[in-house]
K.L.:
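Quick one: structure below, then a few questions.
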Amino acid sequence: MDYYSNTTVWITGASSGIGEALVLRYAQLGASVILSSRNIDKLNAVAEKCRNIPTVNGSAAEFFVIPVDMSSESSITEAWEKVKSLNRKIDILINNAGISQRALTRDASIDIDRKVMDLNYFGPVFLTKLVLPHMLDNKKGHIVAISSIVGKFGFPLRSAYSASKHALKGFFESLDAEEYQNNIRVTLVYPGFITTNISVNAVTADGTASGEMDNNQKGGMSPETCAKKIVRGIEKEKHELLVGKKELLLVHIRRFLPALYYKMARKVSPT
Ligand SMILES: NC(=O)c1ccc[n+]([C@@H]2O[C@H](COP(=O)([O-])OP(=O)(O)OC[C@H]3O[C@@H](n4cnc5c(N)ncnc54)[C@H](OP(=O)(O)O)[C@@H]3O)[C@@H](O)[C@H]2O)c1
């Protein structure tokens, strides 16, 4: 358990869903956490919950709220300056903030693709490039990217989202190969359907949020179970981690039975 009491984790998208559950899980284990996203009130509420959690090892964990808009380079730079002023070693960076999409390619303008790529791909890449030299100086660090099962295959209504999550795989797998010998670990996480507001917040063709909870998310894995599996996977230094229920089968079908995947992708309910 000392592993956690001496660990500082920086989590983006910490105000809700998987990010919030990850913050709470690390708090239970005794780690200190930096919570980032845009909504300061929600972040403060999550941090307050953490301060009231009895930790398993009685560690003196601390919780810091540092706001960031992950689609803005200047906001990310500002957040990094604030994190540096905490004078803490960042052991684990979890690039979790993200937005999904519920729009057909033919209806969605290129602005939607740019919005999704800016937040889901360029945001984590920009932040990682800022934090990596700090981890290299410390001779140790773990960088996590939350992708999606649609980072393994295409899926209707999610062309930009799926593309952004595929792009994360290319970037972070390359980084893994480049920096492994320098004691930098990289974990790519591929969640299936997790019961969060991801579909409610998903961008539609006119740029507004969908406002609807998909049946897939309603019947999904709880964010708490998902967070436990992710934290365990990070501890085990997994290069990649699939987290979900029976929908994970599609990953294996895409790989081993591609013809069946093409048929299923046309027919399964995308919501
Ligand atoms: N739930 C699923 O089924 C599922 C499946 C596969 C992958 N994922 C991935 O899991 C990650 C977390 O999603 P979730 O399911 O927990 O959904 P969520 O509840 O909608 O959480 C999204 C988080 O991202 C933050 N965020 C959104 N835009 C942001 C921005 N511009 N700058 C900074 N933070 C921003 C939100 O906080 P603020 O509003 O406070 O900024 C929120 O904390 C995402 O990357 C998503 O793609 C989810």
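Just so you know, ligand 1 is whichever comes first in the structure, and atom 1 is the first atom listed for that ligand. Along the sequence shown, residues are numbered consecutively beginning with 1.
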K.L.:
In order of chain and number, which residues sit within 4.0 Å of ligand 1 by heavy atom?
P.N.:
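Protein residues near ligand 1 are G13, A14, S15, S16, G17, I18, S37, R38, N39, V68, D69, M70, S71, N96, A97, G98, L119, I146, S147, S148, Y161, K165, P191, G192, F193, I194, T196, N197, I198, N201, Q217.
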K.L.:
Any chance the side chains of S100 and N201 put a donor and an acceptor closer than 3.5 Å?
P.N.:
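No, no side-chain donor-acceptor contact under 3.5 Å.
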K.L.:
Salt-bridge test for E20 and K49: reply yes if a basic N is under 4.0 Å from a carboxylate O, no otherwise.
P.N.:
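Looking at K49 together with E20, the answer is yes, because their closest N to O distance falls below 4.0 Å.
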K.L.:
Which residues pass the side-chain contact (heavy atoms from CB on, under 4.5 Å) test with D91, sequence neighbours left out?
P.N.:
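D91: side-chain contact (heavy atoms from CB on, under 4.5 Å) contacts with T7, T8, K89, K140.
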K.L.:
Does NZ or CZ of R185 fall inside the cone over Y180's six-membered ring, less than 6.0 Å from its centre and within 45° of the axis?
P.N.:
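Output yes; distance and angle both within limits.
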K.L.:
Salt bridge or not between R102 and D214? Use side-chain N to carboxylate O under 4.0 Å.
P.N.:
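Salt bridge: yes.
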K.L.:
Within 45° of the six-membered ring axis of F193 and under 6.0 Å from that ring's centre, is NZ or CZ of K245 located there?
P.N.:
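The answer is no, since K245 fails at least one limit relative to F193.
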